[in-house]
Student: 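Pasting in a structure now, in structure tokens, and then I'll have a few things to ask.
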Amino acid sequence: MFEEEKSFIESKIRAYLQTQEINEATIEFRQIPFSGEWGMAVPLFPVAAGEARTGKRVIVPKRAQELAEGIKAHLRDDLGGFSHAEAVNGYLNLYFDTAAYAQRVVDTVLDQGADYGRTPDRDQTVMVEYSQPNTHKAFHVGHLRNVILGGSVCRILEFAGYEVIRANYLGDIGLHVVKWMWNYLKHHAGETPDEDRTHWMNQIYAEADQLFQDPENEAEVRALYARWNQRDPEIVELWKQTRQWSLEGFEQIYDQLDESFDRIYFESGVEDPGARLVEGLIEAGIAQDERPDGPVFIDLDQIAGTEDEYRVLVVLRSDGSSLYATKDLPLAIQKFEEYDLDQSIYVIDVRQSLYLKQIFKTLEILGYEWADKLYHLAYELVNLPGNVTMASREGTVVLFDDLVKEATQRARAIVQEKNPELGEETKHAIAEAVALGALKYTMLSRDNTKVVTFDWDAALDFNGQAAPYIQYAHVRAGSILRKAGQECPSDAAFPEQLEKTEVDLIELMTRLPAEVVRAAAEYRPLVIANLSFELARAFNDFYNTCQVLNAEPAVRAYRLRLVAAAQQVIATSLDLLGIKAPSVM
RNA sequence: GCCCUCGUAGCUUAAUGGAUAGAGCAACUGCUUGCGGAGCAGUAGGUUGUGCGUUCGAAUCGCACCGAGGGUACCA
């Protein structure tokens, strides 16, 4: 934007600098700290500093101001698209005509609608692997951060012009699954899951985990594991059936969260390829095989010539059974065989940083030229107040469905109070949108690398900086537009004198495209979370200071367009966070 | 021991080497309650963890230290 205006001014500045015997200078444009008027700033500090370096005795800030004033005088009224200029604090500030700029922004938003802020297609494909739950187990709040973060990052990347493949990798084998099957066969034979499948699955698992403490039971579980390893058809059949139940349960959860995946990988599917890969590693002399007295491992530091950096990666246990590494290596390879990826992202908690570094390094050593396209998107855990870690074993988990039920109930009470006349189903749908929005916003409005302390009251606080506040602004905008009847005017001129609240609102709308790009580059939904809140606040300020429906026709017309544009940008920003923007609440 | 991440107001954050470190939440004091229940005005809160360095200029870059959390061969 504004390239023409910029290059015009740049040439004028250069011409002036020549008169000052400055022939080489970097002219850069940057944002003016916004104070009610739109424009761009040219800092003269670099130019003055350049003079200082050539030996000229100047005081940089003073000289910068002098130059700025000189340029302003030199430009006179010949501003090519800018309305006026000012020399302040060593900056040359160039301002746009407010009415024209405001109208340009609002027109652009309404013209592009839901695509406002979208980056053109980049022709780059990114796979994001996230969620990765274990089947036969619970889905708790710790898992929630992963899904919410991964889902939002996908939405942001898509909006920033990338083609995104959402991948999920399910832990469908291992001791936890065998424990589950053992308990099912012994105590729950013939039972089928109830409505809430994940909850049911987890009850059986939690029980199994308890019973497993008893050595006698443990022996039975081990025996069952052996049958599983023999691929006893009866057990395989049970495994398939129960895994399916678990998948259906996850599907319910993903539906609620408004998430879906393009490609699902199973741990069971990469176990054999993993075993073959390890054999190859041993033959190639990359991995050392100490079986049966020790495991198969790769001494990464030795190969890379580093010390204490990559450590040692165990790729197969001494008894020949597989570990995560056994399966993550072939999975990475499979992804690149299936897709032409420009980047492969792993949304996995920060505690596995070294492990992923090892996996990436191993793939590099194996000669895969795409190894540098692997990226670990690390996030911190969700703790409970008092810095208590959520762990199934200690019983300190907050289960997903309990959380959503509670949250929905609270939201429901609020909807009931505000809008008692709505139908039951509508009320429930709104309550759920509000409840899930609140949960998502709590998770996304914290930086990835910071611990989220999960607090029931804070997560369900519908006031303050939280999703409901933003959703509410969206609803209010919709309410005005609805009452205005008809359609939004197709065109309206903006007056020279705008209210401060109008200007601030428009300013925030202009920031969306750049913030999307930044959020995508940094994989930080927080950037959008902050913007969406600021938009909502700015809209509320506007709402409180500017009449729309009761204003005179010309004012009403442009303000209606402003309301519609604001509603659009709020909706878009919420959508990028995976939060629904209801039309009533 | 070594490695990684993080330190800005009580909390969540902004400023991406440049303008007086800017907001919101929470707190306190008033006021208002009119397109939908909440809003508005104000107050207070900061030697940007500490020190040194690079620079005309550092919250931002470098080094050291302090603090918190995590990781460090057959857990996931």
Side-chain angles (χ1 to χ4, degrees), chain A residues 30-35 41 43-46 48-53 58-65 88-91 93 132 134 171 174-176 288 290-291 294-300 307-326 348-355 357-358 378-381 383 387 389 414 417-419 442 445-453 458 461 463-466 469 472 475-484 518 522 526-527 529-530 533-534 537 540-541 543-551 556 559 563 584-585:
Chain A
R30 60 173 66 226
Q31 292 257 290
I32 301 180
F34 189 71
S35 61
L44 279 309
F45 291 92
E51 281 191 290
R53 271 192 292 274
V58 295
I59 298 161
V60 173
K62 197 169 156 233
R63 177 59 175 160
Q65 175 61 13
V88 193
N89 294 326
Y91 289 83
N93 290 341
Q132 309 115 326
N134 281 332
L175 184 59
H176 73 278
Q288 300 175 42
E290 293 185 342
R291 285 175 295 174
V296 181
F297 65 92
I298 305 174
D299 189 337
L300 288 165
E307 204 172 315
D308 254 3
E309 191 178 347
Y310 295 104
R311 309 265 172 168
V312 162
L313 180 65
V314 175
V315 291
L316 205 62
R317 288 199 189 90
S318 47
D319 67 0
S321 61
S322 65
L323 296 99
Y324 262 21
T326 324
I348 298 181
D349 80 71
V350 68
R351 291 183 303 187
Q352 302 195 37
S353 295
L354 174 62
Y355 169 70
K357 196 171 151 188
Q358 292 176 323
Y379 65 92
E380 263 292 357
L381 302 181
N383 281 351
N387 222 12
T389 308
I414 293 173
E417 193 186 315
K418 286 190 179 174
N419 265 318
T442 303
S445 58
R446 237 123 276 196
D447 234 323
N448 302 341
T449 53
K450 303 217 171 139
V451 176
V452 169
T453 298
D461 182 3
N463 295 313
Q465 184 160 356
Y469 177 84
Y472 183 62
V475 167
R476 281 175 134 182
S479 177
I480 292 178
L481 295 171
R482 213 169 27 251
K483 288 199 174 157
R518 182 177 156 199
E522 299 175 358
L526 166 69
V527 170
N530 284 343
F533 174 73
E534 285 186 60
R537 189 163 51 83
N540 282 332
D541 284 349
Y543 182 95
N544 285 310
T545 51
C546 298
Q547 290 279 313
V548 178
L549 295 176
N550 303 326
R556 177 183 153 110
R559 281 188 180 158
V563 169
V584 287
M585 63 188 269

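Chain naming here is simple, since letters A, B, ... match the order of the sequence lines and numbering starts at 1 in each. Nothing here was measured: the structure is a model prediction, and the numbers come from that model.
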Student: So if I take every side-chain heavy atom of A:Asp308 and compare against B:rC56, B:rC2, B:rA19, which nucleotide ends up nearest?
Tutor: B:rC2
Student: Check whether the side chains of A:Asn540 and A:Tyr472 place a donor and an acceptor atom closer than 3.5 Å, and report yes or no.
Tutor: no
Student: Specify the separation, in whole Å, of atom CG of A:Asn540 and atom P of B:rG36.
Tutor: 13 Å
Student: Indicate, with a heavy-atom threshold strictly under 4.0 Å, whether A:Asp541 touches base, sugar-phosphate, or nothing.
Tutor: sugar-phosphate
Student: Check if the side chain of A:Asp349 and the base of B:rA76 share a donor-acceptor pair of N or O atoms closer than 3.5 Å.
Tutor: no
Student: Determine: side-chain N/O of A:Arg30 to OP1/OP2 of B:rA15, distance under 4.0 Å, yes or no.
Tutor: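 The answer is no; no side-chain N or O of A:Arg30 sits under 4.0 Å from OP1 or OP2.
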Student: Heavy-atom distance under 4.5 Å between the side chains of A:Lys450 and A:Leu526, does that happen here?
Tutor: no
Student: Checking all strands, does A:Arg63 fall into the base, sugar-phosphate, or nothing category for heavy-atom contacts under 4.0 angstrom?
Tutor: nothing
Student: Just to be sure I understand the rule, does A:Thr449 reach a base, reach only the sugar-phosphate, or reach nothing, if contact means heavy atoms closer than 4.0 Å?
Tutor: sugar-phosphate
Student: For A:Leu323, which residues count as a side-chain contact (heavy atoms from CB on, under 4.5 Å) partner, sequence neighbours excluded?
Tutor: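 A:Leu323 satisfies side-chain contact (heavy atoms from CB on, under 4.5 Å) with A:Val314, A:Arg317, A:Thr326 once adjacent residues are dropped.
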Student: Provide the distance between the two P atoms, one in B:rC3 and one in B:rC63, to the nearest whole Å.
Tutor: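 Approximately 12 Å lies between the P atom of B:rC3 and that of B:rC63.
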Student: Nearest to the side chain of A:Tyr324, heavy atoms from C-beta on, is which of B:rG39, B:rG37, B:rA76?
Tutor: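 The closest nucleotide is B:rA76.
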Student: Report yes or no: does A:Asn419 contribute a side-chain atom to a donor-acceptor pair with the main-chain N or O of A:Met585 at less than 3.5 Å?
Tutor: yes
Student: Given the P atoms of B:rG24 and B:rG7, what is the spacing between them in whole Å?
Tutor: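 Comparing P positions in B:rG24 and B:rG7 gives a spacing of 22 Å.
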Student: Would you say A:Ile59 has more than 12 foreign heavy atoms packed within less than 6.0 Å of its CD1?
Tutor: no
Student: Using a 3.5 Å limit for the pairing distances, which stems of at least 3 consecutive Watson-Crick or G-U wobble pairs does RNA chain B take part in?
Tutor: B:1-7 with B:66-72, B:10-13 with B:22-25, B:27-32 with B:38-43, B:49-53 with B:61-65
Student: Scan nucleotides 9-14 of chain B against the protein and return all N/O pairs shorter than 3.5 Å with their distances rounded to 0.1 Å.
Tutor:
unit_1, atom_1, unit_2, atom_2, d
B:rU12, O2', A:Ser445, O, 3.0
B:rU13, OP1, A:Asp447, N, 2.7
B:rU13, OP2, A:Lys450, NZ, 3.4
B:rU13, O2', A:Asn530, ND2, 3.2
B:rA14, OP1, A:Arg524, NH2, 2.9

Student: If you restrict it to nitrogen or oxygen atoms, what contacts under 3.5 Å exist between nucleotides 27-33 of chain B and the protein, and what is each distance?
Tutor:
none

Student: So do the side chains of A:Leu481 and A:Val563 get within less than 4.5 Å of each other, counting heavy atoms only?
Tutor: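 In short, these two side chains touch, coming nearer than 4.5 Å.
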Student: With a non-hydrogen cut-off below 4.0 angstrom, is A:Ala52 in contact with a base, only sugar-phosphate, or nothing?
Tutor: nothing
Student: From B:rC56, B:rA19, B:rG36, pick the nucleotide closest to the side chain of A:Ser479?
Tutor: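 When the side chain of A:Ser479 is considered, B:rG36 is the closest of B:rC56, B:rA19, B:rG36.
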Student: Checking all strands, does A:Val315 fall into the base, sugar-phosphate, or nothing category for heavy-atom contacts under 4.0 angstrom?
Tutor: nothing
Student: List the residues meeting salt bridge (charged side-chain N to carboxylate O under 4.0 Å, His left out) with A:Asp447, not counting sequence neighbours, and say none if there are none.
Tutor: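 Salt bridge (charged side-chain N to carboxylate O under 4.0 Å, His left out) check on A:Asp447 returns A:Arg524.
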Student: Pick base, sugar-phosphate or nothing for A:Ala41, based on heavy-atom distances below 4.0 Å to the nucleic acid.
Tutor: base
Student: Which part of the nucleic acid, if any, lies within contact of A:Val475, taking any heavy atom under 4.0 Å across all strands shown: a base, the sugar-phosphate backbone alone, or nothing?
Tutor: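 Touches a base.
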Student: Expressed as a whole number of Å, how far does the P atom of B:rU5 sit from that of B:rA38?
Tutor: 43 Å
Student: Tabulate atom names and distances for all N/O pairs under 3.5 angstrom spanning the protein and nucleotides 70-73 of chain B.
Tutor:
unit_1, atom_1, unit_2, atom_2, d
B:rU72, O2', A:Arg311, NE, 3.1
B:rU72, O2', A:Arg311, NH1, 2.5

Student: If the C1' atom of B:rG46 is compared with that of B:rG37, how far apart are they to the nearest Å?
Tutor: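 It comes out at 35 Å once rounded to the nearest Å.
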Student: Need one value for A:Gln65: base, sugar-phosphate or nothing, where a base atom within 4.0 Å counts as base even if backbone is also close, heavy atoms only.
Tutor: nothing
